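The figures that follow rest on heavy atoms only: side chains count, while hydrogens, waters and symmetry mates do not. If you're wondering where the values come from, they're calculated on a predicted model, not measured in any experiment.
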Amino acid sequence: DPLMGFVTSGSISNSGEVQQEGVSIIAVHRNKEGRIIGAESSVIRLIPAGRTVVFELPNRSGIGRRQVAKTEIYYQLSSVL
């Protein structure tokens with residue numbers, strides 16, 4: 001199925017004055033009933049202060065694009081100890 005290899009893409013902005021390192025990006029895929037049917041994740045190594053970074057999350061969860069009704073994108077900043 002050629003739609004198995006879809007990519008979720010987007011952008012994330014850092015409006016702060018400090019660069020962000022190790023930002024986790026998670027895409028959660030839902031079917032038309034709202035059930036979670038797959039997810040992808042990656043880490044953005046660096047988002048410079050005041051900049052926007054584009055990301056792509058290739059589908060590796062084995063679901064087809066036609067099964068996905070909605071994709072939600074979440075992010076988590078790394079914690080500094």
Side-chain angles (χ1 to χ4, degrees):
D1 181 352
L3 297 178
M4 292 295 281
F6 69 90
V7 174
T8 301
S9 60
S11 63
I12 184 167
S13 297
N14 177 359
S15 59
E17 296 179 7
V18 176
Q19 71 181 15
Q20 296 294 322
E21 297 181 28
V23 179
S24 298
I25 300 290
I26 301 98
V28 176
H29 305 300
R30 295 183 182 270
N31 65 12
K32 63 182 177 182
E33 288 81 30
R35 292 188 187 96
I36 294 174
I37 57 172
E40 312 299 336
S41 65
S42 187
V43 174
I44 297 174
R45 191 176 66 76
L46 176 71
I47 306 174
R51 302 288 301 269
T52 297
V53 173
V54 174
F55 63 86
E56 291 186 340
L57 299 171
N59 171 33
R60 294 186 181 102
S61 58
I63 57 173
R65 180 69 190 120
R66 289 187 178 120
Q67 295 172 275
V68 178
K70 179 181 179 181
T71 298
E72 301 162 0
I73 304 293
Y74 298 95
Y75 71 92
Q76 180 176 356
L77 302 177
S78 65
S79 36
V80 177
L81 302 176

Please examine the side chains of Asn14 and Arg51, heavy atoms only from C-beta on, and report whether any two atoms are closer than 4.5 Å. no
If we only count heavy atoms from C-beta on, is the Glu40 to Thr8 side-chain gap below 4.5 Å? no
Pairwise distance CD1(Ile12) to CD1(Ile44) - rounded to 0.5 angstrom: 5.5 Å
Which residues share a side-chain hydrogen bond (donor to acceptor under 3.5 Å, both in side chains) with Gln20, sequence neighbours left out: none
For a 4.5 angstrom cut-off between non-hydrogen side-chain atoms, does Ser61 reach Ile37? no
Besides Val43, the hydrophobic cluster formed by Ile, Leu, Val, Met, Phe, Trp and Tyr side chains linked at under 4.5 Å, directly or via other members, contains none
Could you tell me whether the side chain of Asn31 reaches within less than 4.5 Å of the side chain of Gln67, counting heavy atoms only? no
Between the OG atom in Ser41 and the CD atom in Gln76, the distance rounded to the nearest 0.5 Å is 11.0 Å
With clusters built from Ile, Leu, Val, Met, Phe, Trp and Tyr whose side-chain heavy atoms come within less than 4.5 Å, directly or transitively, what are the remaining members of the cluster of Val54, listed by chain and number? none
Nearest-0.5 Å distance that lies between atom CZ in Phe55 and atom OG in Ser11: 7.0 Å
In chain order, what residues pass the side-chain contact (heavy atoms from CB on, under 4.5 Å) check against Arg45, with sequence neighbours excluded? none
Summary of salt bridge (charged side-chain N to carboxylate O under 4.0 Å, His left out) pairs that have at least one residue in residues 5-30, sequence neighbours excluded: Arg30-Glu72
Could you state whether Val7 and Val53 fall into the same hydrophobic cluster, counting links through intermediate Ile, Leu, Val, Met, Phe, Trp or Tyr residues with side-chain heavy atoms under 4.5 angstrom apart? no
Other than Val28, what residues sit in its cluster of Ile, Leu, Val, Met, Phe, Trp and Tyr side chains whose heavy atoms are under 4.5 Å apart, directly or through others? Ile26, Ile36, Tyr74
Are Ile73 and Tyr75 connected, step by step, through hydrophobic side chains (Ile, Leu, Val, Met, Phe, Trp, Tyr) whose heavy atoms are closer than 4.5 Å? yes
